[in-house]
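Have a look at the structure below before the remarks.
Just so you know, these numbers use all the heavy atoms, side chains as well, and skip hydrogens, waters and symmetry mates. So you know, we letter chains A, B, ... as the sequences are listed, proteins then strands, and number each from 1.
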2 protein chains.
Amino acid sequence: MSTALQQTLSVTEAAEARRSIRVYESTPIPREHLHEILRVTGLAPSPWNLQPWRFVVVDDVATKALLQEAAHGQKQVGGAAAVIVMYSDMTNAIDTVEETVLPGMQGAAREKAVKEICDTFAAMSADDRAAWGFAESNIALGFLLLAAQAHGYGTSPMLGFQPDRVKAILGLPADSRLPAMVSIGIPAEEGFPHHRHSVERVARFV
Amino acid sequence: MSTALQQTLSVTEAAEARRSIRVYESTPIPREHLHEILRVTGLAPSPWNLQPWRFVVVDDVATKALLQEAAHGQKQVGGAAAVIVMYSDMTNAIDTVEETVLPGMQGAAREKAVKEICDTFAAMSADDRAAWGFAESNIALGFLLLAAQAHGYGTSPMLGFQPDRVKAILGLPADSRLPAMVSIGIPAEEGFPHHRHSVERVARFV
C-alpha cells in the first residue's frame with residue numbers, strides 16, 4: 001500500500017473510504033506517519049486556540065493487552081498496530097495558555113486575552129470545564145480519523161472502555177476526559193458499507 | 001475560485017488551509033455545494049450508526065439577523081453567505097433507529113441490535129443521553145469543517161451564542177444540543193496563521 005498515493009486522498013475520498021475497521025495487518029506504523037497524523041489532527045480549531053486535546057500512542061504489546069482488558073476484551077485493541085488514546089486535559093490547557101495565545105497578540109492585548117481565558121474557565125464548574133474540553137477534542141477526533149484514512153490507515157474509534165482503568169494504565173490526569181480509544185493500522189477487512197441518513201432527512205434549508 | 005479544483009484538496013491540505021474566517025464575500029453558496037458538504041459530514045462514524053447530528057442551513061437574511069442577535073452580535077453570522085446551525089437530537093435519533101441499523105442485520109440479530117440500542121439509552125439520564133449525542137456530533141463537526149474547506153469555503157465555528165434563543169428562532173427541540181453555529185462562505189480575509197502545540201508537546205509514545 002503506497003503511502004505517497006494515499007496521502008493524496010481528498011477529504012471526500014477519505015470520508016467515503018473510511019469504515020470502522022476491527023481487523024488489521026500486523027505491519028507496524030512508522031513513527032513519522034503517526035507523527036504526521038497527529039500534526040494534522042492538531043490543526044483542528046478550538047476557541048481561544050486552547051487545543052485541549054492530548055494523545056498517548058501505544059504500540060507496546062503488553063500495554064495494548066492491558067488496554068484491551070479495560071475495553072471489555074475488544075480484539076481490535078490488542079490486534080491493531082497501534083492504539084491512540086485521546087484525552088482532553090483542561091488543567092494543562094489552561095496552564096499552558098501563554099503558549100497558545102496567538103503570537104500576533106502582544107502587550108496589553110495579550111494580557112487581556114490571557115486574563116479573559118483564565119477568568120472564563122475559573123468561573124466554570126470543574127465538570128463544565130471538562131465537558132468543554134471534551135467537546136472541542138471530539139472535533140479534533142474527526143480530523144484524526146480523516147487524516148489516518150488519507151495516510152492509508154484504517155481506524156476504529158471506541159467508546160466501550162472503562163475510563164478510570166485506562167487513566168490508571170497510562171497515568172492520565174484524574175480530571176481528563178477521553179473522547180475515544182482509536183485502534184489504527186493497515187486494514188485486513190473491508191468493514192461495513194456506509195448506511196447513512198440522506199441529507200434531506202437530517203438537514204433543513206431556511 | 002474553481003470549485004472543481006478545490007474539491008481535490010487532500011485532508012492535509014484542507015486542514016492546513018483552514019482558518020477561522022470572519023469576513024466573507026457576498027457570493028451565495030449553491031445549494032448543491034451545501035448538500036455535498038453535509039453529505040460528507042454525514043459520513044462521520046457514530047456508535048451503532050446512530051447519527052444524532054441534524055442541521056439547519058440558513059441563508060435567509062432576516063433569519064441570519066436574528067441568529068446574529070442571539071450570537072452577541074457577531075458580524076460573521078449576518079455577514080456570511082450561510083450559517084449552518086448544527087444540533088444533536090437524541091430523541092429523533094432513537095425514534096429512527098430502525099432506519100439506521102445496518103441493512104445487513106436482519107431477523108433476530110436486527111431485533112437484538114435495536115433492543116440493545118434502545119435499552120442502553122433508556123438506562124441513561126436525559127442529560128447523559130444529550131451529552132452523548134453532543135459528543136458524537138462534534139466528531140461530525142470536524143468532518144464538516146474539512147469538507148467545507150475542500151470545497152473552497154471558509155468557516156468559523158462559534159460557541160458564543162444563546163442556545164435557547166437559537167432553538168426558539170429555528171424551532172429546534174428543547175432537548176437538542178448545539179455543537180456550534182458555523183458561518184460559511186467564500187473568504188474575504190486571510191485569517192490568522194496556525195499557532196499550534198508541537199506534536200511532541202501533546203503526544204506521548206508508549
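Between chain B and the residues A:Ala14, A:Ala131, A:Pro103, the most heavy-atom pairs under 4.5 angstrom are made by A:Pro103. Ranked by heavy-atom pairs under 4.5 Å with chain B, the first of A:Ala44, A:Ala147, A:Ala82 is A:Ala44. Per-residue heavy-atom pair counts under 4.5 Å with chain A were compared for B:Gly42, B:Gly104, B:Ser20, and the maximum is reached by B:Gly42. Contact tally against chain A (heavy-atom pairs below 4.5 Å) for B:Arg201, B:Glu136, B:Arg19: the top residue is B:Arg201. Note: A:Gly142 leads A:Gly142, A:Ser46, A:Pro157, A:Ser137 in heavy-atom pairs under 4.5 Å with chain B. By number of non-hydrogen pairs under 4.5 angstrom with chain B, the leading residue of A:Leu34, A:Ile37, A:Asp60, A:Val56 is A:Val56. Put simply, of B:Phe192, B:Phe143, B:Trp132, the one with the most heavy-atom pairs under 4.5 Å next to chain A is B:Phe143. Between chain B and the residues A:Ala180, A:Ala140, A:Ser156, A:Ala135, the most heavy-atom pairs under 4.5 angstrom are made by A:Ala135. Most heavy-atom pairs under 4.5 Å with chain A: of the set B:Glu200, B:Glu99, B:Lys64, B:Met158, this distinction falls to B:Glu99. Ranked by heavy-atom pairs under 4.5 Å with chain A, the list B:Thr63, B:Val83, B:Leu102, B:Ile84 is led by B:Leu102. Comparing B:Pro179, B:Ser198, B:Ala203 by how many heavy-atom pairs each has under 4.5 Å with chain A, the most go to B:Ala203.
The two residues A:Val11 and B:Ser10 come nearest to each other via the heavy atoms CG2-O, 4.1 Å. The two atoms that bring A:Pro47 and B:Leu159 nearest to each other are CG-CD1, 3.5 Å, heavy atoms only. Looking at every heavy atom in both residues, B:Ala15 comes nearest to A:Val40 through CB-CG1, 3.7 Å.
Heavy atoms closer than 4.5 Å to chain B are found in both the backbone and the side chain of A:Thr100. Contacts of A:Leu145 with chain B are made by side-chain atoms alone, with heavy-atom separations under 4.5 Å and no backbone atom involved. Contacts of A:Phe134 with chain B are made by side-chain atoms alone, with heavy-atom separations under 4.5 Å and no backbone atom involved. B:Pro193 touches chain A through its backbone: at least one of N, CA, C or O sits under 4.5 Å from a heavy atom, while the side chain does not. Contacts between B:His197 and chain A at a heavy-atom distance below 4.5 Å involve backbone atoms as well as side-chain atoms. Heavy atoms closer than 4.5 Å to chain B are found in the backbone of A:Val101, but not in its side chain. For a residue to count as touching a neighbouring chain, one of its non-hydrogen atoms must lie under 4.5 Å from one of that chain's; by this rule A:Glu16 touches chain B with backbone and side chain alike. The contact between B:Phe205 and chain A is made by backbone and side chain atoms together, counting heavy-atom distances below 4.5 Å. Contacts of A:Arg18 with chain B are made by side-chain atoms alone, with heavy-atom separations under 4.5 Å and no backbone atom involved.
Residues B:Asn49 and A:Arg196 have side chains in contact (heavy-atom distance under 4.5 Å, counting atoms from C-beta outward). B:Arg204 is not listed as a side-chain neighbour of A:Arg54, based on a closest heavy-atom distance of 4.5 Å or more.
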Exercise for review: Might you work through the side chain to side chain contact (heavy atoms under 4.5 Å, CB included) test for B:His194 and A:Leu43, ending with a clear yes or no?
Suggested key: CA-CA 7 Å; B:His194 290 131; A:Leu43 294 173; 3.6 Å; yes
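Taking a 6.0 Å sphere around CD of B:Glu190, one finds it holds 12 or fewer heavy atoms contributed by other residues, nucleotides or ligands. In B:Asp95, the CG atom is crowded: over 12 heavy atoms of neighbouring residues, nucleotides or ligands sit closer than 6.0 Å.
At distances below 3.5 Å, at least one donor-acceptor pair connects side-chain atoms of B:Gln51 with backbone N or O atoms of A:His195.
With values rounded to the nearest 0.5 angstrom, B:Thr12 atom OG1 is found 9.5 Å from A:Leu9 atom CG.
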